Trainee: 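Structure in structure tokens, see below.
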Amino acid sequence: MKHVIAFFFLLSMATLPEANNHHSLLPHNNAADANVFIVTVDGFRWQELFNGIDSNIVKNNNYTNDSETIKALYGGDSAQESRKKLMPFLWNVVAAKGQLYGNREYNNNVNVANLFSISYPGYNEMFTGETDILITSNKKKINSNQNIFEYLQGKPRFKNKIAVFTSWDVFPFILNEKRSGIEINSGVENVKEENSFNAKNLNIIQKSLLQKKEATRNDMLTFVAAKEYLITHKPTVFYLGLGETDEYAHVENYDMYLQKANEADKMIADLWHWIQSTDGYKNNTTLIITTDHGRGSKASNWMNHGSVTKGSSQTWMAILGKNVSTLGEVKTEKQLYQKQLAQTIAYFLGEEFGTQKPIETAIAIR
């Protein structure tokens, strides 16, 4: 009998740490009026984010058309110098005031949990908090899973205060636009003009580019459309999905892959400046930046990704703003997953969603 009692005592003790950590699932109590913005840079590798340009890819003429210019723009005597040139906002601002996760050289790992390491499964995981074995491709299939935006839309505080602007036209399916009722503008979809001179001009430009782009829109146009919406509607939750890094990687153009990453960094910097200079958002907004999947980890397969390409599940994330402590580049050994992001978004808004824990170390209780 004593052995049985001892066994159950030890079993209960073994579960205490989990019980003590349960508070991490509770809504943040300093988020009643907070905003959350999310930006994704599709298929952008952690290798370039943390190490700058890959010299083995740059010197390969099959992938880099103008290696000298690329080295002049984004190179350096060290990985630290190169990464700052490539992604100056992430390294000069986020690293100084927020947190960066995913440098695998320190065993600080971020991964997708889905089996496929492609976009639709990745975004489903990111925004629903779970993987789905039935989502195996990027086909325009209506997603039956509830996402964090849809969940928030059902709350009085967030109803009609959520917006999504993306370059890729599959997001209305990923986020189930018809069922969720959230504002989604994707691909070459016209922007609602509402007597806006800028929106009208944007639609004219988009129409002139239709012959060049079908499933996607130029990231800069997506960004301009998003900024116009932000200024006009002031949403509480906002998602910007950029995609040209992935597009140029797939056509094996490392020059443009790097250029589009650098442009994405500039757009994120512009977005943060707008946040920090706008009433209601300044010092009251959390910005989350991440990607939907990794890519091949070798110079010979960097352009590919998927279940059979090693490195494709390896991702990264960055967090800045309200209720985020200053940790910079996180070098502690840890394993995070993209599926934790949905709960993290909810947490920063004072809500709770799904079953996953938020990214615990990203949160400073203030």
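Remember, predicted model here, so these are calculated numbers, not experimental data. Side chains included, hydrogens not; waters and symmetry mates left out as well; all remaining heavy atoms used.
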Trainee: Can you check whether W168 and F173 have ring centres sitting under 6.0 Å from each other?
Mentor: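 Ring-ring flag for W168/F173: false, centres at least 6.0 Å apart.
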Trainee: Which value, rounded to the nearest 0.5 Å, describes the distance between K260 atom NZ and N253 atom CG?
Mentor: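 Output value for this atom pair is 10.5 Å.
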Trainee: Which one of N176, V164, V237 satisfies the side chain to side chain contact (heavy atoms under 4.5 Å, CB included) criterion with I182?
Mentor: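 With I182 as partner, N176, V164, V237 yield a single side chain to side chain contact (heavy atoms under 4.5 Å, CB included), made by V164.
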Trainee: Does the side chain of H305 reach to within under 4.5 Å of the side chain of H250, using non-hydrogen atoms?
Mentor: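 H305 vs H250: side chains touch.
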Trainee: If only atom types and distance count, is the side chain of N51 paired as donor or acceptor with the main-chain N or O of A79 below 3.5 Å?
Mentor: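 Pair absent, no side-chain N/O of N51 close to backbone of A79.
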Trainee: Which heavy atom of T286 sits nearest a heavy atom of K322, and at what distance?
Mentor: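 Heavy atoms of T286 and K322 come nearest at OG1-O, 2.9 Å.
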Trainee: Can you tell me if Y63 uses its side chain to pair, donor with acceptor, with the backbone of D255 under 3.5 Å?
Mentor: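 Checking the backbone N and O of D255 against the side chain of Y63, no donor-acceptor pair under 3.5 Å is found.
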Trainee: Less than 6.0 Å separating the ring centroids of W272 and F37?
Mentor: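 So the answer is no for these two rings.
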Trainee: Do T344 side-chain atoms and I359 backbone N/O form a donor-acceptor pair below 3.5 Å?
Mentor: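 The answer is yes, because a donor-acceptor pair under 3.5 Å joins these two groups.
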Trainee: Report, as yes or no, whether the 6.0 Å neighbourhood of atom CG on D279 holds more than 12 heavy atoms from other residues, nucleotides or ligands.
Mentor: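 Count not over threshold, so no.
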Trainee: For E244 and N218, work out which heavy atoms get closest and say how close.
Mentor: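 So the two residues come closest at OE2-ND2, 3.6 Å.
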Trainee: Please examine the side chains of S312 and H293, heavy atoms only from C-beta on, and report whether any two atoms are closer than 4.5 Å.
Mentor: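 Sidechains of S312 and H293: no contact.
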Trainee: Could you grab the distance from atom CD of E48 to atom CE of M87, nearest 0.5 Å is fine?
Mentor: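 The CD atom of E48 sits 10.0 Å away from the CE atom of M87.
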Trainee: Side chain to side chain contact (heavy atoms under 4.5 Å, CB included), that's the test. Do E130 and N145 meet it? Break it down for me.
Mentor: CA-CA 9 Å; E130 301 290 346; N145 303 305; over 6 Å; no
Trainee: Would a distance-only check, ignoring hydrogens and angles, find a side-chain to backbone donor-acceptor pair under 3.5 Å from N138 to Y120?
Mentor: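 Here the side-chain-to-backbone pair exists.
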Trainee: Donor-acceptor pair, T278 side chain versus W274 backbone, under 3.5 Å?
Mentor: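 Yes.
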Trainee: Can you check ring pair (Phe, Tyr, Trp, His ring centres under 6.0 Å) on F165 and Y229, steps first, answer last?
Mentor: CA-CA 9 Å; F165 277 70; Y229 185 92; 5.3 Å; yes
Trainee: Side chains of I135 and P121: closer than 4.5 Å at any heavy-atom pair?
Mentor: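 Side chain of I135 against side chain of P121, heavy atoms only: contact under 4.5 Å found.
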Trainee: Suppose we screen for side chain to side chain contact (heavy atoms under 4.5 Å, CB included). Which residues come up paired with K331, at least two apart in sequence or across chains?
Mentor: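 Expected list: Y106, E329.
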Trainee: Look only at the side chain of N143 and the backbone of I174, and say whether a donor-acceptor pair between them is shorter than 3.5 Å.
Mentor: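 Between the backbone of I174 and the side chain of N143 there is a qualifying donor-acceptor contact (under 3.5 Å).
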Trainee: Count the heavy atoms belonging to other residues, nucleotides or ligands that lie under 6.0 Å from NZ of K85, then report whether that count exceeds 12.
Mentor: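 Correct, the count exceeds 12.
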Trainee: Kindly compute the distance separating NZ (K140) from CG (D169), expressed to the nearest 0.5 Å.
Mentor: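 So the NZ of K140 and the CG of D169 are separated by 3.5 Å.
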Trainee: So K298 and N301, do their side chains get closer than 4.5 Å, heavy atoms only?
Mentor: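 Sidechains of K298 and N301: in contact.
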Trainee: Check for a donor-acceptor pair, side chain of R295 on one end and backbone N or O of G43 on the other, with a separation under 3.5 Å.
Mentor: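 Answer holds: yes.
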Trainee: Step through it carefully: locate the ring centre of F149, locate the ring centre of F127, and say whether they are under 6.0 Å apart.
Mentor: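 So the answer is yes for these two rings.
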Trainee: Ring centres under 6.0 Å, that's the criterion: do Y254 and Y248 meet it?
Mentor: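 Ring-ring flag for Y254/Y248: false, centres at least 6.0 Å apart.
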Trainee: Salt-bridged, E351 to K155, with N to O below 4.0 Å?
Mentor: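 Judged by the 4.0 Å cut-off on N to carboxylate O distance, E351 and K155 do form a salt bridge.
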Trainee: If you measure from CG on L100 to CG on L327, what distance do you get to the nearest 0.5 Å?
Mentor: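 It comes to 10.0 Å.
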Trainee: From Q153 CD over to N160 CG, what is the distance, rounded to the nearest 0.5 angstrom?
Mentor: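 The CG atom of N160 is 5.0 Å from CD of Q153, to the nearest 0.5 Å.
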Trainee: Any donor and acceptor pair, going by atom type alone, linking the side chain of T64 with main-chain N or O of I57 inside 3.5 Å?
Mentor: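 Confirmed, T64 side chain pairs with I57 backbone.
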Trainee: Between E125 and T131, which heavy-atom pair has the shortest distance, and what is it?
Mentor: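 What the structure gives for the nearest pair is OE1-CG2, 3.8 Å.
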Trainee: Could you state the interatomic distance from NZ (K227) to CG (L230), rounded to the nearest 0.5 Å?
Mentor: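 The distance works out to 8.0 Å.
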Trainee: Within the distance-only criterion (no hydrogens, no angle test), does the side chain of N262 pair as donor or acceptor with the backbone N or O of L258 below 3.5 angstrom?
Mentor: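 Absent.
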Trainee: Nearest heavy-atom pair of V110 and Q338: which atoms, and what distance?
Mentor: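 Closest heavy-atom pair between V110 and Q338: CG1-OE1, 3.3 Å.
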Trainee: Using 30° and 60° as the class boundaries, would you call the ring planes of W316 and F44 parallel, tilted or perpendicular?
Mentor: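 Judged by the thresholds at 30° and 60°, the geometry between W316 and F44 is perpendicular.
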Trainee: Can you check whether L240 reaches L242 side chain to side chain, under 4.5 Å on heavy atoms?
Mentor: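 A side-chain contact under 4.5 Å exists here.
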Trainee: Could you check if a side-chain atom of L175 sits within less than 4.5 angstrom of a side-chain atom of E150, using non-hydrogen atoms only?
Mentor: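 No. Closest side-chain heavy atoms not under 4.5 Å.
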Trainee: Quick one: do N92 and K84 satisfy side chain to side chain contact (heavy atoms under 4.5 Å, CB included)? Show the steps, please.
Mentor: CA-CA 7 Å; N92 291 324; K84 276 191 175 184; 3.8 Å; yes
Trainee: Strictly distance-based, threshold 3.5 Å: is any side-chain N or O of R217 a donor or acceptor partner for the main-chain N or O of S167?
Mentor: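 Side chain of R217 to backbone of S167, a donor-acceptor pair under 3.5 Å: no, none is there.
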